[in-house]
Amino acid sequence: GKKKGGDSKKQTRGDNDDCQGKDPAVLLASYKKVCVTIGLSPSPNDPVIVALKQKADATENENHGKQIAICAKDGESDDNLLGPGRCRALTMALLGRGCGLPVTEAGEPIVFTLLTDLRICWSRIGDDGAVALAELLRLGAKELNISFLELMDCKIGHRGAFALGRSLSCATNTTLTSLRLDHNSDLKSEGISALCKGLRTNSTLKS
């Protein structure tokens, strides 16, 4: 009887860990903590905070957390852009890696497994942001469920393209099926070559 009760408790703890890994509110709280840790100033117009806030409309809630879209508007001030720093903070929060972030009963980071679709547009994340996203794809390969990644007009160059290509090479990540890098003019031929070099051994990317 005691063993059965113990198994039940383990199951409850496991279910709780799973719930936290699918709760946008937990991700938002983690993101804010990471921002403080790495010295980013809080802002009510922070694009990640805006994207993760719970919508009142039930039709929008259906994909809340599954899809995160961070797209700057024309004339957006630099303070309101994602940029490389906030991009790094977001990837750390998604991986559950950062000082003071919640952990599982086993002491492991709580990875945000709900996300399948990440779109970042006109956000000036640059090569540093792309490198952070490459690390996200590599380190979270076994737990994350991101299948679609769009980085449109984000000032990504050769270094960022190389990191992305490497993170998707040799079955390092097998969940991503679509990668879009439209309008990143800084890529040039060197960046495209670096990306393609990494993708030669990728068999899961479809577009």
Could you check Leu114, Ile68, Ile110 and say which one makes a side chain to side chain contact (heavy atoms under 4.5 Å, CB included) with Leu27?
Ile68
In chain order, what residues pass the side chain to side chain contact (heavy atoms under 4.5 Å, CB included) check against Asp117, with sequence neighbours excluded?
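If we apply the side chain to side chain contact (heavy atoms under 4.5 Å, CB included) test to Asp117, skipping adjacent residues, the hits are Gln67, Arg119, Phe148.
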Can you hop from [X] to [Y] via hydrophobic side chains spaced under 4.5 Å?
| X | Y | answer |
| --- | --- | --- |
| Met152 | Leu115 | no |
| Val131 | Leu94 | no |
| Leu144 | Val26 | no |
| Ile156 | Phe162 | no |

Can you tell me if [X] uses its side chain to pair, donor with acceptor, with the backbone of [Y] under 3.5 Å?
| X | Y | answer |
| --- | --- | --- |
| His158 | Leu187 | no |
| Asn173 | Thr175 | yes |
| Asn45 | Asp79 | no |
| Thr201 | Cys170 | yes |
| Thr177 | Ser147 | yes |
| Asp128 | Pro84 | no |
| Glu143 | Gly140 | no |
| Asn145 | Thr116 | no |

Will you find, in the side chains of Thr172 and Ser167, an N or O donor that is under 3.5 Å from an N or O acceptor?
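No, Ser167 and Thr172 have no side-chain donor paired with an acceptor closer than 3.5 Å.
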Mind checking who shares a hydrophobic cluster with Met92, ILVMFWY linked at side-chain heavy-atom distances under 4.5 Å?
Val34, Ile38, Leu40, Leu101
Hey, does Pro44 have a side-chain heavy atom less than 4.5 Å from the side chain of Ile49?
no
Taking NZ, NE, NH1 and NH2 as the nitrogens, is one of them in Arg124 or Asp78 under 4.0 Å from a carboxylate oxygen of the other?
yes
Could Arg138 and Glu135 be called an ion pair, given the rule that one side-chain N must be under 4.0 Å from one carboxylate O?
yes
Quick check for you: to the nearest 0.5 Å, what is the distance between Leu179 atom CG and Leu151 atom CG?
6.5 Å
